[in-house]
Amino acid sequence: MTMTSFLSSRKSVRHFKNRDISPNTIEKLNEVFRMINTDSQKAITFHAYPEGETIYKGLDGHAGYNGVMIKAPAYITLELDSSSPKDRVMGMYRAEEIISMLEDEGLASCWISLFDTPKEVKEQVFGFGLYPNLCIAIGYPKARNPFVAEATTGRLPVDELVYKDEFGAQIQLETLERLNLDDLFYYVRFAPNTLNSQTWRFVVKDQSIELYLVPYKDTFYYEDAGIMMYYFEQMFQMSGYTGKWAVEEDFVENEKRVKIAEIKL
């Protein structure tokens, strides 16, 4: 798979066909969720809800994408085990693995935040004691209208996201080309992120790459780091590398940045 194909396959979809997801697919999801939910290192709990109409009606007016609830034939909920930064990072990394599984089943998806959804609404919709942080609308995507142009969103240039040897130091395109990382850093900018804040930063060293987060309006969005880790690893492998992120034992914040992880070249 090319990087452009990978990004295209993971675009958020907000319009789904009125078609139920097969029971076999739901059972496949539940089998995976049972394994994850009993893993002591999971950092996140998943549940599948095939009764999409019930979930949609329950959350309508209380959650959605930019305030608009997404109607879908089924939903997956994600509940982080704690609000610790590390659990938020690793939880979202695992969530992106689930989205890859959905793609293999021909399903599209759309993230829905439940962070601001009242606790009593969550209990009414999902059941007593269930307070998911996020929800994924899933289903078979409707065909795109070929006469309607897709919206584009501006992204920061590579030289504002990637540094050489130390934080803030300019990197040359020739350096990235020599390491076969120029395409990777061009495309990885399109990974999903909160409010298009693009708060990831990278420091390229001789034998490794470091991932940092910078704050957006005084807040570190650790969920975005988990998503970026997954996207980066997939594209890293497409560039001929085999490394995986080693996550920092402790996230040490200051007012400017926090180091998240490091990957070997």
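Keep in mind it's a predicted model, so treat the numbers as computed, not measured.
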Q: Apply side-chain contact (heavy atoms from CB on, under 4.5 Å) to the pair I138 and L102, showing each step before the final yes or no.
A: CA-CA 8 Å; I138 63 172; L102 296 175; 3.5 Å; yes

Q) Can any side-chain N or O of Q124 pair as donor or acceptor with the backbone N or O of G58 at less than 3.5 Å? A) no

Q: List the atom of R201, the atom of E160, and the distance in Å for their closest heavy-atom pair.
A: NE-O, 3.4 Å

Q) Has E120 got more than 12 heavy atoms of other residues, nucleotides or ligands less than 6.0 Å from its CD? A) yes

Q.
Let's go through T194 and S197 carefully: what are the C-alpha distance in whole Å and the side-chain angles of both, what is the deciding distance for side-chain hydrogen bond (donor to acceptor under 3.5 Å, both in side chains) to 0.1 Å, and is it a yes or a no?
A. CA-CA 6 Å; T194 304; S197 53; 5.4 Å; no

Q) Going only through I, L, V, M, F, W and Y residues with side-chain contacts under 4.5 Å, is there a path from F251 to L80? A) yes

Q) Which pair of non-hydrogen atoms, one from T117 and one from H62, has the smallest distance, and what is that distance? A) OG1-O, 2.9 Å

**Q.** Backbone of F46 reached by a side-chain donor or acceptor of N37 within 3.5 Å
**A.** yes

**Q.** Cation-pi geometry met for R19 and Y140 (6.0 Å, 45°)
**A.** yes

Q. Is the number of heavy atoms from other residues, nucleotides or ligands under 6.0 Å of N254 CG greater than 12?
A. yes

(Q) Salt bridge check, R94 against E97: does any charged N sit closer than 4.0 Å to a carboxylate O? (A) yes

**Q.** Connected via hydrophobic side-chain network under 4.5 Å: V188 and V203
**A.** no

Q | Contacts of K264 that satisfy side chain to side chain contact (heavy atoms under 4.5 Å, CB included) - sequence neighbours left out | A | S208, E262

Q) Would L211 and V214 show up in the same hydrophobic cluster when neighbours are defined by side-chain heavy atoms closer than 4.5 Å? A) no

Q | Other residues, nucleotides, ligands: >12 heavy atoms within 6.0 Å of K259 NZ | A | yes

Q | E174 and R178 ion-paired at < 4.0 Å | A | no

Q. Do the side chain of K122 and the main chain of P132 share a donor and acceptor less than 3.5 angstrom apart?
A. yes

Q: List in chain and number order the residues that pass side chain to side chain contact (heavy atoms under 4.5 Å, CB included) with Y241, two or more places apart in sequence or in another chain; answer none if no residue qualifies.
A: L179, L181, F236, S239, L265

Q.
Quick check on the 6.0 Å ring-centre criterion: do Y163 and F202 meet it?
A. no

Q: Identify, with sequence neighbours excluded, every residue that meets side chain to side chain contact (heavy atoms under 4.5 Å, CB included) alongside Y186.
A: R189, F190

Q) Do the side chain of D224 and the main chain of N193 share a donor and acceptor less than 3.5 angstrom apart? A) no

(Q) Are M101 and I136 connected into the same hydrophobic cluster when the rule is that any two of I, L, V, M, F, W, Y join if their side-chain heavy atoms are below 4.5 Å apart? (A) yes

**Q.** Other residues, nucleotides, ligands: >12 heavy atoms within 6.0 Å of E249 CD
**A.** no

Q. For residues E105 and T25, is any side-chain donor paired with an opposing acceptor at under 3.5 Å?
A. yes

(Q) Could you check whether K71 pairs with E53 (Lys NZ or Arg NE/NH1/NH2 to Asp/Glu carboxylate O, under 4.0 Å)? (A) yes

(Q) Before you tell me yes or no, could you show the steps for Y49 and F126 under side-chain contact (heavy atoms from CB on, under 4.5 Å), namely the whole-Å CA-CA distance, both residues' side-chain angles and the distance that decides it to 0.1 Å? (A) CA-CA 9 Å; Y49 293 87; F126 302 110; 3.6 Å; yes

Q: Please check if the distance between the ring centroids of W245 and F232 is under 6.0 Å.
A: yes

**Q.** Residues in salt bridge (charged side-chain N to carboxylate O under 4.0 Å, His left out) contact with E177, at least two apart in sequence or another chain
**A.** none

(Q) Would you say the ring centers of Y75 and Y56 fall short of 6.0 Å from each other? (A) no

Q: Please check if the distance between the ring centroids of Y212 and F167 is under 6.0 Å.
A: yes

Q: Assess K86 against Y222: is NZ or CZ under 6.0 Å from the centre of the six-membered ring, and within 45 degrees of the ring's axis?
A: no

Q. Take atom CZ in F128; do more than 12 heavy atoms of anything else shown fall under 6.0 Å from it?
A. no

Q.
Going by ring pair (Phe, Tyr, Trp, His ring centres under 6.0 Å), name the residues that satisfy it together with Y93, two or more places apart in sequence or in a different chain.
A. Y230

Q.
Could you check whether Y231 and Y187 have their ring centres less than 6.0 Å apart?
A. no

Q. Is there a path from V158 to L173 through hydrophobic residues (I, L, V, M, F, W, Y) whose side chains come within less than 4.5 Å of each other?
A. no

Q | Nearest heavy-atom neighbours spanning P73 and G139 | A | CG-CA, 3.7 Å

Q.
List the residues meeting side chain to side chain contact (heavy atoms under 4.5 Å, CB included) with D250, not counting sequence neighbours, and say none if there are none.
A. none

Q) Within a radius of less than 6.0 Å around CG of N18, do more than 12 heavy atoms belonging to other residues, nucleotides or ligands occur? A) no

Q: For L156 and L161, work out which heavy atoms get closest and say how close.
A: CD1-CD2, 3.8 Å

Q) Between SG of C135 and CH2 of W111, what distance do you get to the nearest 0.5 Å? A) 9.5 Å

